[in-house]
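Numbering of ligands and ligand atoms starts at 1, following listing order. Any value given below was found using the heavy atoms of this structure, including those in side chains, with hydrogens, waters and symmetry copies removed. In this text, all values refer to a predicted model and were calculated from it rather than measured experimentally.
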Amino acid sequence: MKKLVIYPAIDPKRLTRMESISNELHIVNAQDLDTALTEIKDAHAFFGKITPELLAAAENLEWVQSPTASLEHYIFPELAAHPCQLTNMRGLFYDVIADHVLGFVLCFARNLHRYIRQQTQSLWQPIGGTAGKPNFVTGPGQVSEVDRSHMHLSDCTLGVVGAGSIGSEICHRAAAFGMRVCAVDPITRTIPGAVEEVWDLDRLKDLLTISDFVVIAAPHTPQTEKLFRTSQFQQMKNTGYLINIGRGAIVDLQDLTIALQNGDIAGAGLDVFEIEPLPADHPLWQMENVIITPHIAAASTRVPERHLETLLENVRCFINGQPFITLANKQLWF
Ligand SMILES: NC(=O)c1ccc[n+]([C@@H]2O[C@H](COP(=O)([O-])OP(=O)(O)OC[C@H]3O[C@@H](n4cnc5c(N)ncnc54)[C@H](O)[C@@H]3O)[C@@H](O)[C@H]2O)c1
Ligand SMILES: O=C(O)[C@H](O)CO
């Protein structure tokens, strides 16, 4: 019989669901580190926060399941070198984060973030027009400054950096809004129904040059750390927007701030930051072309249940000797 050690211990209700799927798994829900260290010795699987100390104590470990989607604070060199398979919790947030991104896109396209600020001052001012004046739709053939200041999504291109579960869903949603969509990714080659050919990473510059909205949906790895610096912002359209729901460390915060101040890009929708929480005196807070959400793009009532479902499905795969549904590529981090 295979043995799974869980540490830190999980809610007994979740444990019952796990036990109910198989009587071929001996589960130890370790209440303290000493128990975890003793029990992991002959365990085949581990769920929770693995450490170098726990890994060193394990003699038969075949599988480690991370409780998080991202692995940059989880993986360490001994774990990468260990023959065990590593799985994560990716894929739980694909739709809700894609919604969040489209929320940013719609705000920028229609200036909703600016109108919400104006509303707090009872200010009637069409963006591009005159305060306090009625705004008449212009006649045939005439495009006013107000028209010019509001984007038509089907005229826009959205480019995604990192076409995994979240990035692919963003592409589908953007395509449904009539946008042209492109993406770069080292592994994904196509997103059926949205992007016929996903480009390799060497075409990042092409993506930056043509996109009205650049969306970062990649993990934080040595390759993506500070991928976005001044030169990337300068390659973007100066009417373009950056949206980051991936990881803060992918974008150099200072360079982004300067790019926004210089008008190298038109604005940014940010859920993640190089420094979290973003300090209260940071200039980004005061920029009217920046929308800040406090790392909540994944928040949703459905996520805890999906979290458990992913864990149960991987347990089933482990018992039945089938491929895991969220196998991680350990080499991405080293
Ligand atoms: N804002 C949040 O609260 C929140 C929540 C969940 C996940 N995330 C972030 O989103 C990331 C993506 O999540 P996911 O579920 O789509 O993961 P995923 O593993 O399904 O997709 C990640 C994609 O990024 C690609 N990638 C790897 N290296 C790359 C690089 N150098 N350049 C471009 N693409 C690269 C991978 O090939 C993969 O297709 C996570 O790693 C996490 O950092 C953020
Ligand atoms: O990586 C994750 O699990 C999400 O960003 C939630 O913090």
Side-chain angles (χ1 to χ4, degrees), residues 65-75 86-104 159-174 182-192 194-195 197-208 211 214-229 232 242-251 268-278 291-304 306-307 309-310 314 324-334:
Q65 168 72 54
S66 154
T68 58
S70 53
L71 293 171
E72 72 268 26
H73 300 303
Y74 189 85
I75 199 161
L86 175 65
T87 54
N88 65 359
M89 285 290 174
R90 74 168 180 275
L92 313 190
F93 324 96
Y94 70 103
D95 48 0
V96 71
I97 295 192
D99 289 344
H100 200 87
V101 167
L102 265 295
F104 282 141
V160 168
V161 180
S165 71
I166 296 170
S168 298
E169 192 60 25
I170 293 167
C171 292
H172 281 294
R173 277 164 166 57
C182 59
V184 292
D185 193 285
I187 295 165
T188 307
R189 294 283 52 99
T190 181
I191 306 169
V195 184
E197 186 205 346
V198 173
W199 296 332
D200 217 333
L201 300 182
D202 59 6
R203 293 198 61 187
L204 176 62
K205 185 174 174 198
D206 294 340
L207 180 145
L208 298 177
S211 297
V214 172
V215 184
I216 301 174
H220 173 202
T221 67
Q223 202 180 5
T224 61
E225 187 160 317
K226 291 193 189 278
L227 181 63
F228 279 74
R229 307 199 73 145
Q232 282 64 44
L242 178 79
I243 294 173
N244 188 8
I245 49 75
R247 274 292 175 265
I250 301 173
V251 175
L270 306 167
D271 185 57
V272 288
F273 302 81
E274 205 181 352
I275 309 167
E276 293 183 9
L278 186 68
I291 306 176
I292 291 171
T293 55
H295 201 146
I296 47 70
S300 143
T301 50
R302 296 203 188 167
V303 166
R306 288 181 182 176
H307 202 273
E309 279 303 325
T310 299
N314 276 337
F324 290 114
I325 58 166
T326 60
L327 188 66
N329 175 1
K330 294 184 198 174
Q331 303 326 314
L332 272 183
W333 281 270
F334 293 96

A.B. asks: For Asp200, enumerate each residue passing the salt bridge (charged side-chain N to carboxylate O under 4.0 Å, His left out) test, keeping only those at least two apart in sequence or located in another chain.
C.D. replies: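 Asp200 satisfies salt bridge (charged side-chain N to carboxylate O under 4.0 Å, His left out) with no other residue.
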A.B. asks: Need the ligand 1 atom indices (1-based, order shown) with element for anything under 4.0 Å from a heavy-atom of Thr188.
C.D. replies: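 The atoms of ligand 1 under 4.0 Å from a heavy atom of Thr188 are 39 (O).
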A.B. asks: Considering distance alone, does some N or O of Ile166 sit under 3.5 Å from an N or O of ligand 1?
C.D. replies: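 Yes; the residue has a nitrogen or oxygen that sits under 3.5 Å from a nitrogen or oxygen of the ligand.
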A.B. asks: Measuring from atom 18 (P) of ligand 1, which candidate in Glu169, Arg90, Met89 has the nearest non-hydrogen atom?
C.D. replies: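 Closest candidate by heavy-atom distance is Arg90.
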A.B. asks: Surrounding CZ of Arg189 (heavy atoms of other residues, nucleotides or ligands, distance under 6.0 Å), is the total greater than 12?
C.D. replies: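 Result for CZ/Arg189: enclosed.
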A.B. asks: Looking only at distances, please establish whether an N/O atom of ligand 1 is found under 3.5 Å from an N/O atom of His295.
C.D. replies: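 In this structure, His295 places an N or O atom under 3.5 Å from an N or O of ligand 1.
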A.B. asks: For ligand 1, note which part of Val272 has a heavy atom under 4.0 Å away: side chain, backbone, both or neither.
C.D. replies: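 The side chain, only.
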A.B. asks: Verify side chain to side chain donor-acceptor pair (under 3.5 Å) between Asn88 and Thr68, making sure each step is shown before the conclusion.
C.D. replies: CA-CA 6 Å; Asn88 65 359; Thr68 58; over 6 Å; no
A.B. asks: Check ligand 1 against Ala298 and write out every atom of the ligand that is under 4.0 Å from a heavy-atom position of the residue.
C.D. replies: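 It comes down to these atoms of ligand 1: 3 (O), 5 (C).
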A.B. asks: Where does Thr221 meet ligand 1, judged by heavy-atom distances below 4.0 Å: at the side chain, the backbone, both, or neither?
C.D. replies: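 It is neither part, as no heavy atom is under 4.0 Å.
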A.B. asks: Determine whether more than 12 heavy atoms belonging to other residues, nucleotides or ligands lie under 6.0 Å from atom NZ of Lys226.
C.D. replies: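 More than 12 within 6.0 Å, yes.
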A.B. asks: Please examine the side chains of Leu92 and Thr310, heavy atoms only from C-beta on, and report whether any two atoms are closer than 4.5 Å.
C.D. replies: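 Yes, side chains in contact.
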A.B. asks: Taking 4.0 angstrom as the limit and counting only heavy atoms of Gly91, give me the atoms of ligand 1 inside it, by number and element.
C.D. replies: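 Listed by number with element, the hits are 15 (O).
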A.B. asks: So, the side chain of Gln232 versus the backbone of Arg229: is there a donor-acceptor pair under 3.5 Å, distance only?
C.D. replies: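 At least one qualifying donor-acceptor pair exists.
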A.B. asks: Check whether any side-chain heavy atom of Phe228 lies under 4.5 Å from a side-chain heavy atom of Leu208, and answer yes or no.
C.D. replies: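 Heavy-atom side-chain distance check passes, below 4.5 Å.
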A.B. asks: Side chains of residues 93-102: which donor-acceptor pairs under 3.5 Å do they make with residues two or more places apart or in other chains?
C.D. replies:
unit_1 : atom_1 : unit_2 : atom_2 : d
Asp95  : OD1    : Arg306 : NH1    : 2.9
Asp95  : OD2    : Arg306 : NH2    : 2.9
Asp99  : OD1    : Arg173 : NE     : 2.7
Asp99  : OD1    : Arg173 : NH2    : 3.1
His100 : NE2    : Thr293 : OG1    : 3.1

A.B. asks: Taking only heavy atoms of Ala217, which atoms of ligand 1 are found under 4.0 Å from at least one of them?
C.D. replies: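 Checking each atom against Ala217, I get 11 (C), 12 (C).
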A.B. asks: I want to confirm something. Looking only at heavy atoms, which of Ala98, Gly164, Ser168, Ala328 is nearest to atom 23 (C) of ligand 1?
C.D. replies: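 Ranked by closest heavy atom to atom 23 (C) of ligand 1, first place is Gly164.
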A.B. asks: Counting heavy atoms only, which of Pro294, Pro219, Ser165 comes nearest to atom 41 (O) of ligand 1?
C.D. replies: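 Going through Pro294, Pro219, Ser165 one by one, Pro219 has the nearest heavy atom to atom 41 (O) of ligand 1.
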A.B. asks: Ignoring hydrogens, just give me the one of Ile187, Asp185, Thr224, Leu332 whose non-hydrogen atom is nearest atom 38 (C) of ligand 1.
C.D. replies: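 Of the listed residues, Asp185 has the closest heavy atom.
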A.B. asks: Is any side-chain heavy atom of Asn314 less than 4.5 Å from a side-chain heavy atom of Thr326?
C.D. replies: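 Asn314 vs Thr326: side chains touch.
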A.B. asks: Closer than 4.0 Å to some heavy atom of Ala163 - which atoms of ligand 1 meet that?
C.D. replies: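 Counting from 1, the qualifying ligand atoms are 39 (O).
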A.B. asks: Just by distance, no angles: are the side chains of Arg247 and Ser70 close enough, under 3.5 Å, to form a donor-acceptor pair?
C.D. replies: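 Result is yes, a qualifying pair exists.
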A.B. asks: Where's the contact between Ile296 and ligand 1, heavy-atom distance under 4.0 Å: side chain, backbone, both or neither?
C.D. replies: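 It is neither; nothing of Ile296 touches ligand 1.
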A.B. asks: Which ligand 1 atoms are under 4.0 Å away from a heavy-atom of Pro186?
C.D. replies: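 Those of ligand 1 that fall under 4.0 Å from Pro186 are 25 (C), 26 (N), 27 (C), 28 (N), 29 (C), 33 (C), 34 (N), 35 (C), 37 (O).
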A.B. asks: Apply side-chain contact (heavy atoms from CB on, under 4.5 Å) to Val214 and Leu207, showing your working.
C.D. replies: CA-CA 8 Å; Val214 172; Leu207 180 145; 4.2 Å; yes
A.B. asks: Mark up the atoms of ligand 1 that fall under 4.0 Å of a heavy atom belonging to Ile245, in ascending order.
C.D. replies: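 Heavy-atom distances to Ile245 below 4.0 Å select 1 (N), 2 (C), 4 (C), 8 (N), 9 (C), 44 (C).
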A.B. asks: For ligand 1, which part of Asp271 has a heavy atom less than 4.0 Å away: the side chain, the backbone, both, or neither?
C.D. replies: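 Just the side chain.
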